[in-house]
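Scope of the values below: all heavy atoms of this structure, side chains included, with no hydrogens, waters or symmetry mates. The residues of the chain are indexed from 1 along the displayed sequence.
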Amino acid sequence: QVQLVESGGGLVQVGGSLRLSCAASGRTRSIGAMGWFRQAPGKEREFVAALRRNGGRTYYSNSVKGRFTIGRDAAENTVYLQMNSLKPEDTAVYYCAADEGAITVANLVRYWGQGTQVTVSS
């Protein structure tokens, strides 16, 4: 099993920045990719960004490309999501995700964090 713990959510004004972190523990050697999804009220959970463990390739949804950056944190088995130029439509609960394989589709993700709220006020 893999456990994921997010941190760093909160309230920010339009155009501001936030940084989320996700720390993995447990069977971390089995992780092939880590990333982030988000879910707004009344909407389905959607892919935001992902990072492959081997090679470090990154993936982004079109809605966040150029504004958000995913990367490895200094701490082992920790990834971050740097969110810049935030918009009201970025408001959602953000979930850390991990799996042995790809994690761009929510139904295929095996491990989830508990979620952290991000609210962008106009």
Side-chain angles (χ1 to χ4, degrees):
Q1 291 291 326
V2 172
Q3 294 78 43
L4 303 173
V5 177
E6 304 105 331
S7 61
L11 175 65
V12 65
Q13 291 188 333
V14 169
S17 299
L18 277 177
R19 184 181 172 110
L20 306 181
S21 288
C22 175
S25 61
R27 295 185 60 190
T28 56
R29 286 187 178 184
S30 68
I31 295 174
M34 292 181 67
W36 297 89
F37 285 71
R38 66 186 181 187
Q39 189 166 19
K43 295 189 176 181
E44 293 187 353
R45 192 168 296 190
E46 65 171 357
F47 169 74
V48 175
L51 171 68
R52 290 185 64 174
R53 186 171 195 163
N54 292 329
R57 185 173 180 177
T58 57
Y59 305 84
Y60 297 95
S61 68
N62 287 333
S63 61
V64 307
K65 197 174 296 183
R67 300 187 299 122
F68 291 12
T69 302
I70 188 171
R72 289 191 180 94
D73 217 331
E76 192 174 1
N77 297 315
T78 302
V79 297
Y80 66 84
L81 183 69
Q82 178 66 43
M83 305 184 292
N84 298 329
S85 302
L86 283 161
K87 306 175 181 179
E89 50 265 42
D90 294 318
T91 295
V93 177
Y94 283 71
Y95 294 91
C96 182
D99 199 282
E100 291 88 350
I103 57 167
T104 56
V105 179
N107 289 344
L108 300 180
V109 172
R110 182 171 183 182
Y111 302 110
W112 293 99
Q114 81 283 358
T116 185
Q117 178 70 45
V118 171
T119 303
V120 184
S121 64
S122 56

Item checked: Side-chain donor or acceptor of Arg67 paired with backbone N/O of Ser85 under 3.5 Å -> yes

Notebook entry, point to check: Quick one: CD1 on Ile31 to CD on Glu100, what's the gap to the nearest 0.5 Å?
Noted result: 8.5 Å

Notebook entry, point to check: Looking at Gln117 and Ala92, what are the two nearest heavy atoms and their distance?
Noted result: NE2-O, 3.5 Å

Next item on the list: For Leu20 and Val118, run side-chain contact (heavy atoms from CB on, under 4.5 Å): C-alpha distance rounded to whole Å, both residues' side-chain angles, the deciding distance at 0.1 Å, then the answer.
Entry: CA-CA 9 Å; Leu20 306 181; Val118 171; 4.1 Å; yes

Next item on the list: Give a yes or no answer on whether the side chain of Thr91 reaches the backbone of Val120 with a donor-acceptor pair at less than 3.5 Å.
Entry: yes

Check: Do Glu46 and Ser61 come close enough that some side-chain heavy atom pair is under 4.5 Å?
Finding: no

Next item on the list: Verify, without hydrogens or angle tests, whether Ser30 (side chain) and Arg27 (backbone) share a donor-acceptor contact under 3.5 angstrom.
Entry: yes

Next item on the list: Show the numbers, then the answer: is there a side-chain contact (heavy atoms from CB on, under 4.5 Å) between Arg38 and Val64?
Entry: CA-CA 11 Å; Arg38 66 186 181 187; Val64 307; 4.0 Å; yes

Notebook entry, point to check: Could you go step by step and tell me if Ile103 and Tyr59 meet the side-chain contact (heavy atoms from CB on, under 4.5 Å) rule?
Noted result: CA-CA 10 Å; Ile103 57 167; Tyr59 305 84; over 6 Å; no

Next item on the list: Please round to the nearest 0.5 Å and tell me the distance separating atom CD1 of Ile70 and atom OH of Tyr80.
Entry: 9.0 Å

Note to self: Tell me if the centroids of the rings in Phe37 and Trp112 come within less than 6.0 Å of each other.
What the structure shows: yes

Next item on the list: Rounded to the nearest 0.5 Å, what's the gap from CG on Leu18 to CE on Met83? Could you check?
Entry: 4.5 Å

Notebook entry, point to check: Should Asp73 and Arg19 count as an ion pair when the cut-off is N to O under 4.0 Å?
Noted result: yes

Check: Can Arg52 and Asn54 be said to form a side-chain contact (heavy atoms from CB on, under 4.5 Å), step by step?
Finding: CA-CA 6 Å; Arg52 290 185 64 174; Asn54 292 329; 5.8 Å; no

Next item on the list: Decide whether a cation-pi geometry holds between Arg45 and Tyr95; the criteria are a distance under 6.0 Å from NZ or CZ to the six-membered ring centre and an angle within 45° of the ring axis.
Entry: yes

Check: Hey, what do you get for OG (Ser21) to CD (Glu6), rounding to the nearest 0.5 Å?
Finding: 10.5 Å

Margin query: I'd like to know if Leu4 and Trp36 are part of one continuous hydrophobic network [Ile/Leu/Val/Met/Phe/Trp/Tyr, side-chain heavy atoms within less than 4.5 Å].
Written below: yes

Margin query: Nearest 0.5 Å, please: how far is CD in Gln3 from OH in Tyr111?
Written below: 8.5 Å

Item checked: Test item: Thr119 and Val12 side chains (from C-beta on) under 4.5 Å apart, heavy atoms -> no

Notebook entry, point to check: Do Ser121 and Val14 come close enough that some side-chain heavy atom pair is under 4.5 Å?
Noted result: no

Check: Would you say Glu89 has more than 12 foreign heavy atoms packed within less than 6.0 Å of its CD?
Finding: yes

Next item on the list: Indicate the atoms forming the closest heavy-atom contact of Ser17 with Asn84, along with that distance.
Entry: OG-OD1, 2.9 Å

Check: Quick one: OG1 on Thr116 to CG on Leu81, what's the gap to the nearest 0.5 Å?
Finding: 11.0 Å

Note to self: Under 4.5 Å between side-chain heavy atoms, counting indirect links through other Ile/Leu/Val/Met/Phe/Trp/Tyr residues: same cluster for Phe47 and Leu51 or not?
What the structure shows: no

